[in-house]
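Data block below; observations after.
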Amino acid sequence: KDGSILAGLLVFGKIKAMKERHIRCDTVPQLADSIFSAIKTKIFDSIEVYTPSYWAIKAAFDTLEFDQGERFVMIKQQYIVHHLWKQNKILQKKARLNHINLKYIERDKTNIRYGKHKEGYPFAMVTMYCSRGSKKFIITFVAMKVLEHWYIADELELKFLDEVPSFLR
């Protein structure tokens with residue numbers, strides 16, 4: 001019995017730590033500024049804090065009256081973080097292979113396109129037009145609104161302008 005109490009405290013401590021390290025953004029432009037600054041640090045943990053926390057996802061499911069267990073919510077949150085980690089790794093590698101030091105990139109402008117998921121959930125496609133020396137490229141990601149706050153969700157990518165169709169620029 002003592003072992004189960006200890007295990008419960010460890011899980012509670014892990015979930016509590018997760019709750020304390022997530023940052024909520026009220027607007028998409030605020031999130032875009034934060035993600036741009038985080039990308040420049042080259043440290044994934046500085047991006048991860050802008051993902052929805054376990055508690056935010058759980059609260060969203062509770063308000064939508066989904067009867068999802070805590071395990072499902074934890075898996076959903078970890079899925080988002082894991083995919084962003086992989087996408088960030090690819091972004092960093094692409095920048096390195098093209099001799100772009102992310103610490104010194106500059107953002108020229110930001111384009112935000114808002115939309116709604118087929119089930120009515122708001123999201124935004126964020127495109128940041130960046131440059132480093134003579135190299136011009138974009139950094140894109142999908143932001144999602146959970147309750148009243150915006151978080152980075154998916155599709156974190158670095159693309160050169162010649163890779164992007166002209167109608168999307």
Side-chain angles (χ1 to χ4, degrees), residues 9-64 66 68-95 100-117 119-132 137-159:
L9 290 173
L10 290 174
V11 170
F12 175 74
K14 184 177 179 181
I15 292 172
K16 185 177 178 187
M18 285 173 45
K19 182 178 180 182
E20 293 170 354
R21 69 174 196 196
H22 290 272
I23 299 172
R24 298 178 274 184
C25 294
D26 295 327
T27 65
V28 178
Q30 179 187 10
L31 178 64
D33 292 342
S34 301
I35 295 299
F36 181 74
S37 297
I39 287 170
K40 289 178 74 165
T41 67
K42 299 184 184 181
I43 300 170
F44 179 69
D45 290 343
S46 58
I47 295 172
E48 184 181 0
V49 296
Y50 295 101
T51 60
S53 68
Y54 167 86
W55 299 106
I57 294 172
K58 183 166 178 19
F61 281 137
D62 289 347
T63 60
L64 297 171
F66 283 139
Q68 301 296 341
E70 291 183 17
R71 183 96 175 127
F72 174 81
V73 175
M74 181 73 78
I75 290 169
K76 188 70 172 167
Q77 195 272 338
Q78 289 175 349
Y79 175 85
I80 291 169
V81 171
H82 179 72
H83 280 276
L84 281 171
W85 176 80
K86 286 187 350 186
Q87 293 161 2
N88 181 60
K89 198 171 181 177
I90 292 167
L91 181 146
Q92 300 257 347
K93 184 176 181 180
K94 191 171 187 177
I100 298 171
N101 188 341
L102 292 174
K103 287 183 181 181
Y104 303 110
I105 62 175
E106 296 176 12
R107 183 172 46 171
D108 302 324
K109 72 175 186 173
T110 301
N111 184 16
I112 301 169
R113 292 184 320 210
Y114 293 91
K116 286 201 180 228
H117 188 268
E119 295 171 9
Y121 311 122
F123 71 91
M125 294 291 299
V126 179
T127 305
M128 297 182 285
Y129 294 83
C130 304
S131 61
R132 172 69 180 128
F137 52 94
I138 60 173
I139 296 175
T140 62
F141 67 90
V142 175
M144 68 179 188
K145 191 172 188 178
V146 178
L147 301 177
E148 294 301 314
H149 303 287
W150 288 92
Y151 301 94
I152 185 170
D154 200 7
E155 299 182 27
L156 178 63
E157 292 181 279
L158 182 148
K159 298 177 189 173

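Keep in mind that this is a model prediction, so the values were computed, not measured.
- In this structure, the side chains of Ile39 and Leu156 come closer than 4.5 Å at one or more pairs of heavy atoms.
- Residue Tyr114 qualifies as enclosed at atom OH: its count of foreign heavy atoms under 6.0 Å is above 12.
- The distance from atom CD1 of Ile152 to atom CD1 of Ile47, rounded to the nearest 0.5 Å, is 6.0 Å.
- What you find for Ser46 and Thr41 is that their closest heavy atoms are OG-OG1, 2.7 Å.
- Each of Ile90, Leu84, Leu91 was scored for a side chain to side chain contact (heavy atoms under 4.5 Å, CB included) with Gln87, with one residue passing: Leu84.
- Interatomic distance, CG of Leu31 versus OH of Tyr50, reported as 8.0 Å (0.5 Å rounding).
- You'll find the side chain of Thr140 stays beyond 4.5 Å of the side chain of Glu155, heavy atoms only.
- To the nearest 0.5 Å, the span separating CZ on Phe36 from CD on Glu106 amounts to 8.0 Å.
- Between Tyr151 and His149, the two ring planes are perpendicular [angle over 60°; tilted spans 30° to 60°].
- Distance CZ/Arg24 to CH2/Trp150: 16.0 Å, rounded to 0.5 Å.
- Inter-residue side-chain proximity for Ile139 and Arg107 is flagged as unmet; no heavy-atom pair is nearer than 4.5 Å.
- When each of Lys145, Met144, Gln77 is tested with Pro52 by the rule side chain to side chain contact (heavy atoms under 4.5 Å, CB included), just one qualifies, namely Met144.
- The CG atom of Asp45 sits 12.0 Å away from the CH2 atom of Trp85 when rounded to the nearest 0.5 Å.
- Atom CE of Met128 is separated from atom CD1 of Ile112 by 9.5 Å, given to the nearest 0.5 angstrom.
- A heavy-atom distance below 4.5 Å is not found between the side chains of Leu102 and Arg132.
- The shortest distance between side-chain heavy atoms of Asp154 and Tyr79 does not fall below 4.5 Å.
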